[in-house]
Amino acid sequence: MSFFGMSKSSERYGVLIDVGSGSVLVAIIRSAPAQKHPDIIWAHREHAPLRNIDSLEQSAKAVMTALVNASMMLDGEGRKVLFDYDKSAKLTELQCGIAAPWSYTVTKTINYKQEKKFVITEELVDELTRTIQNKIKEDLKEDEMAYNLGLTVITRANMEMLTSGYRIKHPEGGKSDSLTLSHTSVVAQKYVSDAIDEMRDKLFAGTKSKKLSFMLMLYAVTKELFPETYDLCLVDITYEASEIGIMRDGVLTYCTHTPFGYFSLAREISSITGAPLHEAFGYLHSEAPFSFTKTLNAQKRKEVENMFEAYVDRIATLFHETGDTLSIPRRLSLHVDLGSEPVFTELLGKAVKRTIKAEPNIIPMSKEIISRTYEETTKGSPQTIPNDTALLLSAMFFHTQEKTRSFEYF
């Protein structure tokens, strides 16, 4: 069954869940280490209704309903397809990526210095880690809106340790006059995390659960594909949100988002033009996404142009929120629907130029994953390339996670 004849003992079968801002993806995949990419055995995306939503609470309820419906499909149709694929297959892991606005990825850095060199012990690293974790908790409590949402920690990771300014993976036992530790915590809205845990307990008891933010996955996969890139702006655009992450010197240092995505743009277009919502959504998924404005009268065309400019302003505002005094990196890693890459590449380009007065280098991550892993292996094969971009990235993270970095899951 493997392209390279791998033994069954090295195979891993897992369940993937992607909780987006306006939809839920569920999938079953098989990963064999020697393959360039995992096999997508079955997948289904359940969309929240494409309608006007007046509050985050309404949107959350719609996404939770989508999760329930998707889990039913997974338990029924998904299991059947897996059985037909391999009767002896055993699902051992459940990986869940949670996008903004349901998750927050927070990184803090602490610098420990002494006049004389000291021995770096596990106890010292643990103490510094606890200090950062407590600082993150305090910061979240100060953010009243986030704190009132009822957040819970789902992932933690020490992202990097520097001794005397040098990267060392395992510095314990060595001596240095300084130790710099960068630590990331992912928090998610508790009702989302609890819903995932409940689904796992009911349908996949015994599987190892791994919940993390989609932004952390985007970071890890980007690092896997571009190991020599150290400064980057990560961008994830979903139905109801646009999130950015800032990578400095190889570390994901800061994340922020605005609750406005491509469904949001479609609603604005529909409201201005009178076009049905699904038709307005289709405009954003074409090679010439702005061509529809040619059929509008001058007033409506101007309103649509102003609407797009307002979105560019939203993104430019995010680009100013880098968490430090530096500008955003010129290189961007973009994750968005394959069909809407043209429109968002142009809009993001405008936002970057508005922010740093320079041309950006935008990398469409889905196309990058496909060209590096799927195109060659699927030539002359009945196997098709998945067109769900979140599935592509989540599956690649599942496939390569042992090689990326160690995360602690809750």
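Residue indices begin at 1 and follow the sequence shown.
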Q: Return yes if a side-chain donor-acceptor contact under 3.5 Å exists between Lys211 and Ser193, otherwise no.
A: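 Yes.
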Q: Once you round to the nearest 0.5 Å, how far does SG of Cys233 lie from CD1 of Ile244?
A: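 Rounded to the nearest 0.5 Å, the SG-CD1 separation comes to 4.5 Å.
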Q: With distance as the sole criterion, is a donor-acceptor pair present between the side chains of Asn158 and Thr129 under 3.5 Å?
A: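 Checked: Asn158/Thr129 side chains pair up, N/O donor to acceptor below 3.5 Å.
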Q: Answer whether the closest heavy-atom distance between the side chains of Lys210 and Phe407 falls below 4.5 Å.
A: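 No. Closest side-chain heavy atoms not under 4.5 Å.
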Q: Angle between ring planes, Tyr311 versus Phe344, binned at 30° and 60°: parallel, tilted or perpendicular?
A: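 Perpendicular.
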Q: With sequence neighbours excluded, tell me which residues meet salt bridge (Lys or Arg N to Asp or Glu O under 4.0 Å) with Asp249.
A: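 With sequence neighbours excluded, Asp249 shows a salt bridge (Lys or Arg N to Asp or Glu O under 4.0 Å) to Arg167, given in chain and number order.
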Q: Please name all residues satisfying side-chain contact (heavy atoms from CB on, under 4.5 Å) with Phe204, sequence neighbours left out, ordered by chain then number.
A: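 Applying side-chain contact (heavy atoms from CB on, under 4.5 Å) to Phe204 gives Val15, Leu74, Arg79, Leu91, Leu94, Met199, Thr207.
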Q: Can a salt bridge be assigned to the pair Glu368 and Arg372 using a cut-off of 4.0 Å between side-chain N and carboxylate O?
A: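 A salt bridge links Glu368 with Arg372.
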Q: Answer yes if the ring centres of Tyr283 and Phe290 are under 6.0 angstrom apart, and no otherwise.
A: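 When the ring centroids of Tyr283 and Phe290 are compared, they turn out to be at least 6.0 Å apart.
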Q: Classify the ring geometry between His47 and Tyr239 as parallel (under 30°), tilted (30 to 60°) or perpendicular (over 60°).
A: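 Because their plane-to-plane angle is under 30°, the rings of His47 and Tyr239 count as parallel.
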Q: So does Asp388 pair up with Arg45, basic N to acidic O under 4.0 Å?
A: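 Looking at Asp388 and Arg45, the cut-off is met.
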Q: For Thr238 and Ser21, test the side chains for any donor-to-acceptor distance below 3.5 angstrom and give the result as yes or no.
A: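 Side-chain D/A pair, Thr238 to Ser21: present.
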Q: Under the side-chain contact (heavy atoms from CB on, under 4.5 Å) test, which residues partner Asp84, sequence neighbours left out?
A: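 Per chain and number, Asp84 pairs via side-chain contact (heavy atoms from CB on, under 4.5 Å) with Lys80.
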